[in-house]
J.: 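Starting off with a structure, shown below.
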Amino acid sequence: MSREPKPTIVGGGIAGLTTALCLAPLPVRLLVRTPLGAEGSSLWAQGGIAAAVGPDDAPTRHAEDTIAVGGGLCDPAVVHRITAEAPWAVEQLAAWGVPFDRDAGGRLALGLEGGHGRRRIVHARGDATGQTIMETLVSRVLAEPAIEWIEGAEAIGLVEDEIGLCGVDCRIGEKRVRFPARAIVLATGGVGGLFEQTTNPVTARGQGLVLALAAGAELVDLEFIQYHPTALAIGRQPLPLISEAVRGEGACLVDERGERFAAGLPGAELASRDRVAHAIWQHREAGHQVFLDARRRPGQFFAERFPKIHAICRSYGLDPAVDLLPVTPAVHYHMGGIAVDGDGRSSLPGLWAVGEVASTGLHGANRLASNSLLEAVVCARAAAGSIRASGPFLPPRGKAPPGTGCEPHWGGLPAILSRCLGVVRDRESLERGLDQVGVAAGGSAGGAEAHLAWLWIRAALWREESRGAHYRSDRPETQASWARHLRQDRSQAFLPAAPTPV
Ligand SMILES: Cc1cc2nc3c(=O)[nH]c(=O)nc-3n(C[C@H](O)[C@H](O)[C@H](O)COP(=O)(O)OP(=O)(O)OC[C@H]3O[C@@H](n4cnc5c(N)ncnc54)[C@H](O)[C@@H]3O)c2cc1C
């Protein structure tokens, strides 16, 4: 374990590993809580990576689809840049060795997912895209001498001296270790583990947000949490995901009477995720059971096209070609996060964020399916370029105080957040949740996680409208005057944010 100052990445999912590979041959340190490739949502990505590479497609179409589902809060410049770089992202991953699925003619096989007007989802080993990409990236990282990877290192605080950020404090077993760094990249993934029903690993507890908040960085659009409509309702955490690509291959939503209750949505079962999740939520509230019916399509083809999902269903005694699959919406993705520019730079000098922990402006109020792996790869390269240009990386000055950041997890939080930040919210439940976390944030029980939760709920209260993934039953309309972002930091003041350019 070296103690020299060098760019330091926290997190070993697709965002962290790609940033490290793009920074090499610059010496770089990678801190990961588990063995490399053992934890993170990246491993579980099923659908694939969106890129306009088909003969009938173009990046501008991909950009239009992204903006169409983003609820008026996408940053068009960011969207155009990332969708334009999507073919590069696929080429780069393929050049690193990812064996993307191809047709008989050697062309990339393209899947279809909700909100996409074209087949443009590139996948690998059927629905094992995330695992396949991660295996490739891990082997590249292990072979790259410029990357020092440290496993079992959990970042618990960012450290500052008189110049600025100067290191990361980690817990490694029983020990606390400080790693000097003037350029720090948070790539810690999502937040689903803070909710009672999620498709994320339960360890995804927004630690990067907590670290950034404690250090003074700005967070943005926290209220936008995407619920995936079709998690397998098996009553234990995390809920296995039934990818949207299954609906892309013809599966439909039915209730216990066999009625296709979502058929009237624009795009039917392939409407945007917020709409499908809302339709399922409403139908369940009305007392119905909800199932995914894949018996006719993809039918017998299911096991071949979706081998992982098929194996999961079989492990619960369900055969998708024969049985209806019980489904429910579950927390899947956080559109909000650490506010960053197109190069992954946060508001705090020396701090970058890449992947799900960051909010670049690509997704707006609602993420288009399979745009997150894409965002992670494209933004990793941009962040690496900006970090390279930011040196020299000076050693810390004097004896910096202990870093501020994560504290022990608060077990009470998932119940509170799930009650007030569900598919459908209202003022009453949000105010109740705010009171509950406010008490905890002031005491020792909730600590830093409660502080984050307080800002989160306050953002959902502040947005007195419905937009994208944020649906308020007491404010069901979208209001033009709310077409703006909400930035917050540890000062607990609302920060000025310009209306978004749509
Ligand atoms: C079931 C499922 C299916 C999905 N399918 C798709 C899909 O088909 N296409 C798509 O585009 N997106 C998909 N997504 C979303 C996508 O997978 C994620 O948004 C993306 O993988 C996030 O990558 P990441 O690198 O930011 O985070 P992750 O892959 O979650 O990695 C986070 C890393 O940070 C580490 N970490 C966290 N905190 C600390 C800490 N304090 N100290 C040290 N290390 C830490 C973790 O151990 C992990 O290594 C899916 C998500 C899920 C859950």
Side-chain angles (χ1 to χ4, degrees), residues 1-43 96 133-161 165-189 201 203-212 214-215 344 350-357 376 380 383-384 387-388 391 393-396 400 402-409:
M1 257 184 321
S2 82
R3 295 296 170 83
E4 69 187 272
K6 52 180 154 178
T8 296
I9 299 162
V10 182
I14 188 170
L17 299 185
T18 309
T19 308
L21 288 168
C22 290
L23 273 168
L26 190 75
V28 54
R29 178 185 292 120
L30 185 63
L31 303 172
V32 190
R33 183 166 49 199
T34 60
L36 272 187
E39 184 185 73
S41 293
S42 300
L43 281 168
W96 277 330
I133 293 177
M134 285 294 291
E135 282 167 9
T136 307
L137 294 181
V138 168
S139 66
R140 297 298 294 206
V141 164
L142 296 179
E144 174 50 68
I147 302 174
E148 178 194 19
W149 74 93
I150 297 163
E151 299 175 326
E154 178 168 33
I156 53 171
L158 303 184
V159 192
E160 252 183 297
D161 65 8
L165 284 180
C166 66
V168 183
D169 276 348
C170 283
R171 191 183 295 124
I172 302 182
E174 297 297 305
K175 283 201 213 129
R176 277 182 173 231
V177 181
R178 176 164 296 178
F179 295 98
R182 290 282 175 202
I184 299 169
V185 183
L186 293 176
T188 50
T203 47
R205 292 181 67 101
Q207 275 192 308
L209 299 181
V210 172
L211 290 165
L351 184 67
W352 283 256
V354 181
E356 189 165 341
V357 72
I387 289 168
R388 233 181 273 116
F393 306 112
L394 303 172
T404 48
C406 306
E407 289 167 10
H409 297 317

J.: Please report the shortest heavy-atom distance between Ala24 and Ala146, naming the atom on each side.
T.: CB-CB, 4.0 Å
J.: Within the 4.5 Å heavy-atom criterion, are Asp169 and Val177 side-chain neighbours or not?
T.: no
J.: For the atom pair CE (Met134) and CG (Leu43), what is the distance rounded to the nearest 0.5 Å?
T.: 4.5 Å
J.: Looking only at heavy atoms, what is the nearest atom pair of Thr136 and Ser139, with distance?
T.: O-OG, 2.8 Å
J.: Would you say the side chain of Trp96 lies within less than 4.5 Å of the side chain of Leu137, judging by non-hydrogen atoms?
T.: yes
J.: So do Phe179 and Ile184 actually touch side chain to side chain, heavy atoms under 4.5 Å?
T.: no
J.: Give me the atom names and distance for the closest heavy-atom approach of Leu23 to Pro7.
T.: CD1-CB, 4.3 Å
J.: Could you tell me whether the side chain of Val159 reaches within less than 4.5 Å of the side chain of Leu165, counting heavy atoms only?
T.: no
J.: Within a strict 4.5 Å, meaning less than it, do heavy atoms of the Ile172 and Ile150 side chains meet?
T.: yes
J.: Rounded to the nearest 0.5 Å, how far does CD of Gln207 lie from OG1 of Thr188?
T.: 7.5 Å
J.: Between Leu158 and Val168, does a side-chain contact (heavy atoms from CB on, under 4.5 Å) hold up when you go through it step by step?
T.: CA-CA 5 Å; Leu158 303 184; Val168 183; 4.3 Å; yes
J.: Between Glu39 and Thr203, is there a side-chain donor-acceptor contact under 3.5 Å, judged purely by atom types and distance?
T.: yes
J.: Using modelled atom types only, decide if a donor and an acceptor are shared between the side chain of Arg33 and the backbone of Ala155 within a distance under 3.5 Å.
T.: no
J.: Between Leu211 and Leu186, does a side-chain contact (heavy atoms from CB on, under 4.5 Å) hold up when you go through it step by step?
T.: CA-CA 9 Å; Leu211 290 165; Leu186 293 176; 4.0 Å; yes
J.: Hey, does the side chain of Thr18 reach the backbone of Ala15 with a donor-acceptor pair shorter than 3.5 angstrom?
T.: no
J.: Drop me the distance from Ile147's CD1 to Leu142's CG, to the nearest 0.5 angstrom.
T.: 9.0 Å
J.: Are Lys6 and Glu148 close enough for a salt bridge, meaning some N to O gap below 4.0 Å?
T.: yes
J.: Could you tell me whether the side chain of Pro201 reaches within less than 4.5 Å of the side chain of Ser41, counting heavy atoms only?
T.: yes
J.: Are any of the side-chain heavy atoms of Val357 and Leu209 separated by less than 4.5 Å?
T.: yes
J.: Does the side chain of Phe393 reach to within under 4.5 Å of the side chain of Leu26, using non-hydrogen atoms?
T.: yes
J.: Hey, what do you get for CZ (Arg182) to CD1 (Ile387), rounding to the nearest 0.5 Å?
T.: 15.0 Å
J.: Would you please test Val185 and Thr8 for side-chain contact (heavy atoms from CB on, under 4.5 Å) and show each step?
T.: CA-CA 6 Å; Val185 183; Thr8 296; over 6 Å; no
J.: If you measure from CG on Leu36 to CG on Leu30, what distance do you get to the nearest 0.5 Å?
T.: 6.0 Å
J.: Please name the pair of heavy atoms, one in Ala212 and one in Leu351, separated by the smallest distance, quoted to 0.1 Å.
T.: CB-CD2, 4.2 Å
J.: If you measure from SG on Cys170 to NZ on Lys175, what distance do you get to the nearest 0.5 Å?
T.: 12.5 Å
J.: If every non-hydrogen atom of Ala376 is compared with every non-hydrogen atom of Ile14, which pair is closest and at what distance?
T.: CB-CG2, 3.7 Å
J.: Could you check whether any side-chain N or O of Arg171 sits under 3.5 Å from a backbone N or O of Gly152, counting only pairs where one atom can act as donor and the other as acceptor?
T.: no
